[in-house]
Undergrad: 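Dumping the structure here so I can ask a few things about it.
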Protein chains: 2
Amino acid sequence: MPIPSHDEINAELEKAFARSPLFARPGFLIRRLHQIHTSLFLSETNEFNITPVQFSLMSALRANGEMDQNSVAQEIGLERTSVAEVIPRLESRELLERRRSTKDRRVKLVKLSRKGQALLKKMSERVQQAHDRTVEALPEEERNLFLLQMIRLVEANNHLGNAPFKLPDSGDA
Amino acid sequence: MPIPSHDEINAELEKAFARSPLFARPGFLIRRLHQIHTSLFLSETNEFNITPVQFSLMSALRANGEMDQNSVAQEIGLERTSVAEVIPRLESRELLERRRSTKDRRVKLVKLSRKGQALLKKMSERVQQAHDRTVEALPEEERNLFLLQMIRLVEANNHLGNAPFKLPDSGDA
DNA sequence: GCAAATTATGAGGTATACCACTAATATTAT
DNA sequence: ATAATATTAGTGGTATACCTCATAATTTGC
């Protein structure tokens, strides 16, 4: 099945706008997609009691090893102070370890604990499921284009807000 | 300019994944898009001191007239208790009016005040700008397809967004 | 060498977003 | 008629997400 023509797209859009005028607003659709993905993620991984952001943070630590908190924030595109809230929650569950840098005593270095590594591994299949299910309703041949479009939008606007994330190579995540 | 071929899409995707492995995760991209749109919305409309959700709620009231709070929640795809938090904030600014239904004394009916209507009108151009800028980086001929894809995903998973974990038995509805 | 600027982190505040529980009212089932 | 159930709304709790301000440590400018 090919990607639909402009005429088909526009006809479908007209019908959708009739169902709800909110469908004409990208921001509304993005908010709903965010809710939906979060819901899928939590239901897939509920036995582990980990949120999407917590998982992203731990993934970044697995890929980059020990890091200071600002670098963590840049790796996952999250505001510095939000990261400072997430880390203690994971630390109290002994999924992370923290220590003061001896070179720069302002810096707190964070790394994954063995327990954290093990948890990431156990969760990975379920997490992949959650991401897959998020875009499952699109015809397969459209999914990659959709991903690419989201990437374009994120990269084009990465500078906005206080949580730009670092684009240059970041290993695995 | 036509929509790119599958080969072109896949080549671009490979390059993007090399820039950041997080780009392979729909959930990550959606979270970033949500941050980006929120940032655009707030910077476009900062003189009015209204959030995207507050604007959606007021828009629903403009479209539907007086409603009970549950209906408002369903209109904008927001959890009932979140709506119950947003409404008092708008009410205290006299943008909404609330009264008890005489027919069913449990129900609180909400509607836009004149002040609320005027504010919506004054904001509308800026809000449109925020939504436009969110998808501006896509080639024009791809924007409608992108919108339609988001609509498909939202409609296909609409049952998940409002209350994840609520009804373990159904799976539909 | 030392004040000034910068940087890393944290604390307090506001606003979604959701869950679990409660209170009040309405509906139903017997 | 009234006890059981359902519905509407609110409260308190947790977790993003971001802002402003504060604190401590480093770097810089002179």
Undergrad: Tell me, which pairs form a side chain to side chain donor-acceptor pair (under 3.5 Å) where one or both residues lie in residues 116-127 of chain B, sequence neighbours left out?
TA: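 Sorted result for residues 116-127 of chain B: E44(B)-R126(B).
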Undergrad: Does dT16(D) have OP1 or OP2 under 4.0 Å away from a side-chain N or O of Q35(B)?
TA: no
Undergrad: Between dA17(C), dT9(C), dT8(D), which one does the side chain of R31(A) approach most closely?
TA: dA17(C)
Undergrad: Taking only heavy atoms on the protein side, list every residue of residues 82-95 of chain B lying under 4.0 Å from any atom of DNA chain C, sorted numerically.
TA: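 Per residue number, the list reads S82(B), E85(B), V86(B), R89(B).
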Undergrad: Please list, in numerical order, the residues of residues 49-60 of chain B that have a heavy atom closer than 4.0 Å to any atom of DNA chain D.
TA: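 Heavy-atom cutoff 4.0 Å gives no residues at all.
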Undergrad: Mind checking side-chain contact (heavy atoms from CB on, under 4.5 Å) for A84(B) and listing every partner two or more places apart, or none if nothing turns up?
TA: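 So A84(B) forms a side-chain contact (heavy atoms from CB on, under 4.5 Å) with Q69(B).
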Undergrad: Please confirm whether the shortest side-chain N or O distance from R32(B) to OP1 or OP2 of dA17(D) is below 4.0 Å.
TA: no
Undergrad: If only side-chain N and O atoms count, and only distance matters, is there a donor-acceptor pair under 3.5 Å linking E14(A) with N10(A)?
TA: no
Undergrad: Who are the ring pair (Phe, Tyr, Trp, His ring centres under 6.0 Å) partners of F146(B), not counting sequence neighbours?
TA: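 F146(B): ring pair (Phe, Tyr, Trp, His ring centres under 6.0 Å) contacts with F146(A).
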Undergrad: Answer yes or no: side-chain N or O of T81(A) and base N or O of dC19(D) forming a donor-acceptor pair under 3.5 Å.
TA: yes
Undergrad: So, OP1 or OP2 of dA17(D): does either fall under 4.0 Å of a side-chain N or O from H37(B)?
TA: no
Undergrad: Could you pull out the protein-nucleic contacts involving nucleotides 24-28 of chain D (nitrogen or oxygen on both sides, under 3.5 Å)?
TA:
{"residue": "dT26(D)", "atom": "OP1", "partner": "R105(A)", "partner atom": "N", "Å": "3.2"}

